[in-house]
Structure formats: structure tokens, C-alpha cells
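Excluded from the calculations below are hydrogen atoms, water molecules and symmetry mates; all remaining heavy atoms, backbone and side chain alike, are included.
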Amino acid sequence: MISRIDLRGDALPEGPALRDLLPRADFDVSAALEKVRPICEAVHHRGDAALIDFAEKFDGVRLESVRVPVQALTDALDALDPAVRAALEESIRRARMVHRAQRRTTHTTQVVPGGTVTEKWVPVDRVGLYAPGGRSVYPSSVIMNVVPAQEAGVGSVALASPPQAEFGGLPHPTILAACALLGVDEVYAAGGATAVAMFAYGTESCPPANMVTGPGNIWVAAAKRFFTGRIGIDAEAGPTEIAVLADDTADPVHVASDLISQAEHDPLAAAVLVTDSVALADAVDEELKTQVAATKHIDDRIVPALNGQQSAIVLVDGVEEGLRVVDAYGAEHLEIQTRDAAAVADRVRNAGAVFIGPWAPVSLGDYAAGSNHVLPTGGCACHSSGLSVQSFLRGIHIVDYTEDALAEVAHHVVTLAEAEDLPAHGAAVKARFGWKVPGTK
């Protein structure tokens, strides 16, 4: 059901050569870019009319309006299953606890007497958040995007999710209910690249945003790339990934269930087990067969995901070598199921989120750990972070120097300006001292 890659002995290379041996989904954003270009340009020139036409083409429903009536949010919340409401409220509560602690405060450093640099953190003015609505409904993604934006102090928060023919052209009611719980009343029935274009350009009903965040398919990723430079983005999110680093102490039932939990997202989802135990690998193989047969989404998601080139069991000589592999892989989600799991996890350098031991499955992080589940994919954890309060903040340096403080360092400024052949830079300092800079001849 899942392939094996044997990196024992001399088969474990260094650096890029190791990354090239590891499984990865084929996710070509560049190829999709040209297909989304005309969609984005149509939204630019035709606004809401283009959004309505694309909803009919891609979602099979003719909208009267892209903006979701506020009453629809209220109705969705009133009709929500009480158990689901309680779960969403607890997820929101925990997410707020974690993200509130991420807030940054203004800090002033006195560089010299009379000279200070203050770093002030300012939220973006307006964000457009995207909640997918394809194979599954993701109210959890609403929480994971809205909470950090709100805790960062973003003044204007809007959300888009695809229209559903089943619900009269509105986004899924659970999405709407989650928005209502979070106090977000600006919601749009728009999906994929059209939603990103709506936020980037603005339309008659939707003012433009400074930033767009949220997971999505390859078309969402391509649209984000298309608008790079015009708007800020969180990431070009690819298919979800789970990597499990495990030794012979791991429970194969747990490992197999965790691999399946992420494989059920998408046929391109990646499920990777890195282990030094052949016995565990064999037991996980058998568990996969048993558990897959008893679950849902088998033929359209789970089996293609586990059989795909992006999934594998990677055999290594030991946990030390396993750490090298998972750091080279840079998984979106990384579980550590080994002896001294916390100590091993502390040595991990590249992962979107790390889950320690048998009682912290990725599913917990997806919904109710308090952590954020919008995380870097495709190896981007080697250089990027998941969504957080900081994603919505901009650091602004405020420089305040007195005449004496500038005089003390003026000769260094002039020297460096001349070294870079930028004499006007130095002249801007000289002019303040009658063209005779203190400390120079």
C-alpha cells in the first residue's frame, strides 16, 4: 500500500542529495499560473459580474450577490448542532490563548545618549481570509485564520469561501456559523483564484485587501503567486503532509491511524514514516491495510495518497539518522514517537509544527491544541513559519537622534557613504553641520 525507501548504511547522503531522495507530491504552481491569469484579469475588469459568472462555471450555481447577507450567518449559527458549536467555541478559546501570547509590544533601544531606535508593530489595515470548500468543509480553517488576525489588531477582516449549490449559493453553513461565532460579518461566496483576485483588486461589493491568507488548492496557490508584490500572502500552500519519526517503542496502530488522518485530505496528501525499526514498518503496513478498509474516502483520497510518489516508509539506521531525514524533508506536520520524544523533538530544526509522543496526534493540532494549523508545506518549513499573529504585523523602525548624537557618528556615516560612492548620502549629513563634519579633517 505504501512504498519503501531504504536509506540505511551508506545510502544516506548529505544536503540537497538527501532532499532529492525523499518523497514529494508533484505540485506545479508555475504551470497553473497561466491558467489563473485570465481569471484574475476578468475579475479585475468586470468585478462582481465576473465573480458571478465564475461561480456558475466552477460551482454550478448562479448567484444574485457575492456578499453573504448577515442574516444568513445568524441563521447558520442558530441551526448549528450544539455539539459542533461547543467544539468550535473550545477551539476558538484555545487558539485565542495561544495567539494572544504572541502579541508584540513596542520596544525602544537607546543606541547612544540622545539616540534611540524604536520598533513599533502595526497590523495591516485589511485582510482577506480564504476557507476552502471543495472535498471537505473547513470551519477549523476559519478559526485558524481569523483568530491571529484579530489578535494582531487587524481592523478589517473579510472571509471568502466557495458557493455551494446545495445551500442556495451560500458557503457551507458550518463555515458561516464559525464566522458568526468569531464576529466576522463580511463574508463572500467566492472560491479559488476568483476569491484571491477579489481581495487583491477589489470589486463593487468588496474593498481590496492588503493581504490574503488561508489554505487552498493549486489554483489558490497560483493566484497568490500571481499577486505577489500587490498583496501580502501567508504562503503558497500545497498538499498537506505528515511525517512520523518513530522507533520500536511506537505503537503501529497510532502511527497508521495518523498517516491515514492526513491522507484523507487529498489524493496528493503526503504520509511519510521514518523509522529504524523494520518490525514497526511491517506492522504499520499491516495496520494500514486493516484501518483503510474500515474508513471513509478510500478510493478517491486515501489509497491514491498512500500509493502516490509523495508517501513512503523511509528506513534509517537510527534516530540520529532519522533526524537528518526529517530535517531535510521539512514536514508541515512532524510527529515524534520515539524514546525520550521531547528531547528528540527539541533537536528538530525544520518543521511547520512538531507533535511530541503518543498523546499529541496531528488531529489535535488541526482542531483543538491551540496551535495554528495553517503551516508551510512542500519543504518550505526549512525557511518559513506557520500562520501567527506576526503574520499580520509589520515592524516599523522609528529613529530619533539629537544633534549631539548625530555629531558623534557623522564621520562614520560620511566615510561609509564615500566608500559606496554615494557622496550625496554623506552631504545630507554634512549639511547639518555647516559642511564640516565633527571628527573629520
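With hydrogens and angles ignored, the 3.5 Å screen pairs a side-chain donor or acceptor of D327 with a backbone N or O of R349. With hydrogens and angles ignored, the 3.5 Å screen pairs no side-chain donor or acceptor of Q150 with any backbone N or O of V147. In this structure, the side chain of H44 does not engage the main chain of C40 through any donor-acceptor pair within 3.5 Å. Of the possible polar contacts, one joining the T194 side chain to the G191 backbone as a donor-acceptor pair under 3.5 Å is found. Proximity of a side-chain donor or acceptor of E264 to a complementary backbone N or O of K296 within less than 3.5 Å is not detected. A donor-acceptor pair under 3.5 Å is formed between the side chain of N372 and the backbone N or O of V374. Looking at T203, its side chain never comes within 3.5 Å of a backbone N or O of G47 through a donor-acceptor pair. Using modelled atom types, no side-chain atom of T118 and backbone atom of T108 make a donor-acceptor pair closer than 3.5 Å. With R104 contributing its side chain and V122 its backbone, the two residues share no donor-acceptor pair below 3.5 Å. Panel note: side chain T109, backbone V111; no donor-acceptor pair is recorded below 3.5 Å.
Looking at L159 and I175, their side chains come closer than 4.5 Å, going by heavy atoms from C-beta outward. Inter-residue side-chain proximity for P163 and F58 is flagged as unmet; no heavy-atom pair is nearer than 4.5 Å. No side-chain heavy atom of V399 sits less than 4.5 Å from a side-chain heavy atom of T116. Between M198 and C206, the closest side-chain pair of non-hydrogen atoms falls below 4.5 Å. Proximity of R4 to V278: side-chain heavy atoms (C-beta onward) are separated by under 4.5 Å at one or more points. Side chains of V362 and Q262 form a contact here, defined as non-hydrogen atoms less than 4.5 Å apart.
Residues forming a salt bridge (charged side-chain N to carboxylate O under 4.0 Å, His left out) with E241 (at least two apart in sequence, or on another chain): R24. Not a single salt bridge (charged side-chain N to carboxylate O under 4.0 Å, His left out) links E41 to another residue, sequence neighbours left out. Residues satisfying the salt bridge (charged side-chain N to carboxylate O under 4.0 Å, His left out) criterion with D234, sequence neighbours excluded, are K224. Take K120 and apply the salt bridge (charged side-chain N to carboxylate O under 4.0 Å, His left out) test, not counting sequence neighbours, and it matches no residue.
Around atom NE2 of H425, no more than 12 heavy atoms belonging to other residues, nucleotides or ligands sit under 6.0 Å away. Enclosure of atom CG in D340 is not indicated, since only 12 or fewer non-hydrogen atoms of other residues, nucleotides or ligands lie within 6.0 angstrom. Applying the 6.0 Å contact sphere to CD of E166 captures no more than 12 heavy atoms from other residues, nucleotides or ligands.
The residues E321 and R8 are annotated as not salt-bridged, no charged nitrogen and carboxylate oxygen being separated by less than 4.0 angstrom. A salt bridge links R339 with D247; the closest basic N to acidic carboxylate O contact falls under 4.0 Å. Note on E89 versus R93: no salt bridge recorded, every NZ/NE/NH1/NH2 to OD/OE distance being 4.0 Å or above. Between D78 and R85 there is no salt bridge, since no side-chain nitrogen of the basic residue lies less than 4.0 Å from a carboxylate oxygen of the acidic one. E151 and R103 are joined by a salt bridge, as a carboxylate oxygen and a charged side-chain nitrogen come within less than 4.0 angstrom of each other.
Among residues at least two apart or in separate chains, side chain to side chain donor-acceptor pair (under 3.5 Å) pairs with a member in residues 60-69 are D53-R62, E56-R62.
No side-chain donor-acceptor contact under 3.5 Å links E119 and T106. H172 and S161 share no donor-acceptor pair across their side chains, judged by distance under 3.5 Å alone. Remark: the Y138 side chain and the H265 side chain contain an N/O donor-acceptor pair separated by less than 3.5 Å. When only modelled atom types and interatomic distance are considered, N145 and T213 share a side-chain donor-acceptor pair under 3.5 Å.
By the 30° and 60° cut-offs, the orientation of the rings of Y188 relative to F199 is perpendicular.
Taking the six-membered ring wherever Trp is involved, the centroid distance between the rings of Y201 and F227 falls below 6.0 Å.
L375 contributes atom CG, which lies 12.0 Å from atom SG of C380 (distance to the nearest 0.5 angstrom). Note that the OG1 atom of T290 and the CG atom of L288 stand 9.0 Å from one another [nearest 0.5 Å]. Rounded to the nearest 0.5 angstrom, Q310 CD and L22 CG are separated by 13.5 Å.
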Side chains of residues 25-35: which donor-acceptor partners sit under 3.5 Å, not counting sequence neighbours?
residue, atom, partner, partner atom, Å
D28, OD1, S30, N, 3.2
D28, OD1, A31, N, 3.2
S30, OG, R225, NH1, 2.9
E34, OE1, R37, NE, 3.2
E34, OE2, R37, NH2, 2.9

Kindly indicate, with the supporting measurements, whether the criterion salt bridge (charged side-chain N to carboxylate O under 4.0 Å, His left out) is fulfilled by R46 and E204.
-> CA-CA 9 Å; R46 298 180 54 237; E204 299 92 326; over 6 Å; no
